[in-house]
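Scroll down for the structure; my scribbles are underneath it.
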Amino acid sequence: METTLLTLSKIFTERLFRIPDYQRGYAWTEKQLKDFWSDLEQLELGKNHYVGVLTLERVDEKSFNKWEDDKWIIKSKKYEPYYIVDGQQRLTTAIILIEAIVESLQGNEELNYTSACEIRKKYIFESKDKGISRSYMFGYEKDNPSYEFLKTKIFRENSEENYIEQETVYTYNLELAKKFFLDRLLPLSLPEKEIIYAKITQHFLFNIYTISDDIDVFVTFETMNNRGKPLSLLELLKNRLIYLTTKFNNDNDDKIRLRKKINECWKTIYHNLGKNKQNPLDDDNFLYYHTLLYFGEEFIMNDEKRNERYIHRLYRSFHWDFSDYLLETKFSPKKIFSSKKSKTPEPLTIDEVNKYVESLQSYVVIWYQLNNPDTTSFSEQEVYWLSRINRLGYKDFAPLLLVYLKTINDTSNRLTLFKLIEKIRFLLLLISGLYYPRNDDFHIAAIDLFSNKTTFQGVISKLEKKIQELKNLILQDDVLIKRFGSNGFYTWDGLKYFMYEYEESLRNKTKTNRIKLVWEEFIEDYADHATIEHILPQTSTKKEWGSFYENITSSERKKMVNSLGNLLPLSKAKNSSLQNKSFSDKCNTNTDNLVGYKYGSYSEIEVVEYGDWNPKNLLDRGLKLLNFMEKNWDITFKDEDFKIEMLGLGFLLKKALIK
């Protein structure tokens, strides 16, 4: 293995660099970009900065002969082609910075007596016969979705005629990096830009390693990428599957076809995971739930193993170790060479990998639809119920939802499932902290449906049974009185979801139907209750809230403060401005200031209509909200006395403070 310490200027002397298909895309975000820029700014003039290791692999002739756009520069101008095994994040960042520097120049400005054209020729591309043919000094292999994006959006070059733009998390990061650098470069003077350019090209030093032919490049990639920003399991898995294609003893055309399919699959995966820029989806979440579905049958393959304790222990273990399961058990190179004498008698075949890749590719589309129902072709009712499930959180049901959306096309059947899941999730929130369910049953139902060991009706029956079990538990031993009677509802995990649904019910009764409470803003920080107001403040005075001081102790007043009827969803986070004001000031009925309840959510307007806020109205609103809960989630509380105790307000009746 050769090693040399070089500047970027020396590195880009008669060399071409390509990021191979087994590599991940550009993963740096603002944090890493800020560190990179800080290193540039703080580097003293004339001093050098060590950037890190750049590990390269020489591209053999058989491979570069397929590079139609680059053969001329390799064969005629003797440029050496290299794959980047490690260090691509830093090198990509440096090239984007150079492109941004060039774009920031005005007119015919030069950098250190070097024209923009000369800079681009050295670091970006060179033209054949000064024509339109381009050979890019740095880039991705062509079947990577980042290839065209880098060329068109970052280098501002023309695209291929048949190019369909595919955005992924990685392409988003590329665009972010360019904007980051342009924002910092444009205000600079030309001499300041010249200093930045000199630093990045002459004083950032890379430790260059060139891998010899006897070293396995795939294993090197996995090992070296343990430093820097860690690879996700999805990124490691892609590398592993491509590596396996080189080890199968199959026809070469089949291996090439599978490798291409893997690349296409990962294009689809990252396109769908990054499709919603406001809410990119986590790599490993998708992979975990798909793994649970796809390989779950191995864990419950016979009735003897369906012992509850066994399955619970097994799934806990699987949840923590599923990366080892995929890389060391399912897709280990050792499995290709397994024999009947070994502990793993069934060798891994190219067909199995092909089938697995096809499943991943199809399910990631469903995963996007599940997380972004309003952008799909689902019916209006399906979007409505999936949106409710998304607001509640669905992780226990993710595998079941995936297999349903993939295999059940009947809308009415889907709606039946969605409604049951939403109800179970709400009931579980209602008794959170008192009951800790295991999600094994839901996972097993999904796996059985995936492997055709149960039917749609079988799954529905299982969920209906769970709902009845939870309903019985709710009424058993006054569970809800213990849950809410003393401490109230303010810290309840389900409070925002419940209040949002109540707000929606009020909105649907209006003529305007205008949305005043936006869910994404309401739960911007789910743990922060800035958008939930205590009508009777947590700190009140007798002067302004006198009715809450007549024969009421401080502990009883605290119960009223956190009781359900005293909690109000705000259309804007205006707690700081309302805080401990009187009820009339909070309602803002005497001024034209637009901050008060009078101009807020439908729930706020409903509270204004009470005219005054006293213990009687507080209890009345609490009962109204619990009545809505009963109707909306088909719950039957014992009686009104039970509800009053659940609200923590039984003392009002015992003291005869209200009738």
Side-chain angles (χ1 to χ4, degrees), residues 18-25 55 57-67 83-86 140-145 211-225 231-270 283 286-287 290-291 293-298 322-364 451:
R18 293 292 176 267
I19 299 169
D21 59 0
Y22 58 80
Q23 279 268 24
R24 67 167 155 184
T55 306
E57 177 198 14
R58 285 190 177 88
V59 181
D60 59 41
E61 188 172 0
K62 183 180 178 183
S63 298
F64 72 63
N65 272 332
K66 298 174 185 175
W67 299 0
Y83 283 130
I84 304 169
V85 179
D86 185 43
Y140 297 86
E141 287 197 297
K142 269 201 167 184
D143 56 0
N144 190 312
I211 296 176
S212 58
D213 295 338
D214 60 338
I215 294 178
D216 195 317
V217 67
F218 293 95
V219 177
T220 303
F221 170 74
E222 285 191 21
T223 305
M224 288 190 163
N225 276 282
L231 291 166
S232 71
L233 176 57
L234 193 58
E235 291 162 337
L236 284 168
L237 181 62
K238 181 189 179 188
N239 171 67
R240 176 60 58 83
L241 294 179
I242 289 179
Y243 175 49
L244 293 179
T245 65
T246 68
K247 299 299 180 183
F248 284 120
N249 189 24
N250 288 74
D251 180 79
N252 198 50
D253 286 343
D254 286 342
K255 293 197 286 187
I256 292 171
R257 193 174 294 114
L258 177 58
R259 186 161 179 160
K260 186 174 182 181
K261 182 172 282 188
I262 292 167
N263 279 312
E264 287 299 320
C265 172
W266 257 256
K267 275 187 191 180
T268 305
I269 289 174
Y270 283 117
D283 294 14
F286 162 66
L287 192 56
H290 178 269
T291 304
L293 262 186
Y294 195 84
F295 296 110
E297 192 183 2
E298 293 183 15
F322 91 103
S323 59
D324 285 343
Y325 174 79
L326 283 175
L327 297 176
E328 306 304 326
T329 302
K330 295 309 300 182
F331 298 113
S332 167
K334 292 181 289 187
K335 285 210 67 175
I336 295 178
F337 308 109
S338 297
S339 66
K340 291 185 178 180
K341 294 179 182 179
S342 69
K343 293 181 180 179
T344 52
E346 293 297 327
L348 182 67
T349 66
I350 197 169
D351 288 337
E352 287 178 68
V353 175
N354 184 64
K355 184 181 175 185
Y356 173 70
V357 169
E358 286 178 347
S359 179
L360 269 179
Q361 189 168 13
S362 63
Y363 269 94
V364 77
S451 53

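Along the sequence shown, residues are numbered consecutively beginning with 1.
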Just verifying a value: how many Å separate [X] [atom1] and [Y] [atom2], rounded to the nearest 0.5 Å?
X	Y	atom1	atom2	value
Phe248	Leu348	CZ	CG	4.5 Å
Leu236	Leu287	CG	CG	10.5 Å
Arg259	Asn252	CZ	CG	10.5 Å
Asn250	Leu258	CG	CG	9.0 Å
Ile350	Lys247	CD1	NZ	14.0 Å

Would you say that [X] contacts [Y] through its side chain, given a criterion of any heavy-atom pair below 4.5 Å between the two side chains?
X	Y	answer
Tyr356	His290	yes
Glu328	Tyr325	no
Thr329	Phe295	no
Trp67	Arg18	yes
Val353	Thr245	no

Could you tell me whether a side-chain N or O of [X] sits under 3.5 Å from a main-chain N or O of [Y], the two making a donor and an acceptor?
X	Y	result
Trp266	Leu234	yes
Ser362	Ser359	yes
Asn239	Glu235	no

Are Glu352 and Lys355 ion-paired here, with the side-chain N under 4.0 Å from a carboxylate O?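 Salt bridge absent between Glu352 and Lys355.
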Taking every heavy atom of Glu297 against every heavy atom of Ser451, the minimum-distance pair comes out as OE1-CB, 3.3 Å
Smallest heavy-atom separation, Ser232 atom then Asp283 atom, equals OG-OD2, 3.0 Å
query: For the ring pair Tyr294 and Tyr363, is the centre-to-centre distance below 6.0 Å?
result: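 Centroid separation for Tyr294 and Tyr363: 6.0 Å or greater.
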Worksheet entry | Phe331 ring center near Tyr243 ring center (under 6.0 Å) |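 No, they do not, as the ring centres are separated by 6.0 Å or more.
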Applying side-chain contact (heavy atoms from CB on, under 4.5 Å) to Asn249 and not counting sequence neighbours gives none
With sequence neighbours left out, the residues meeting side-chain contact (heavy atoms from CB on, under 4.5 Å) with Lys261 are Asn354, Val357, Glu358
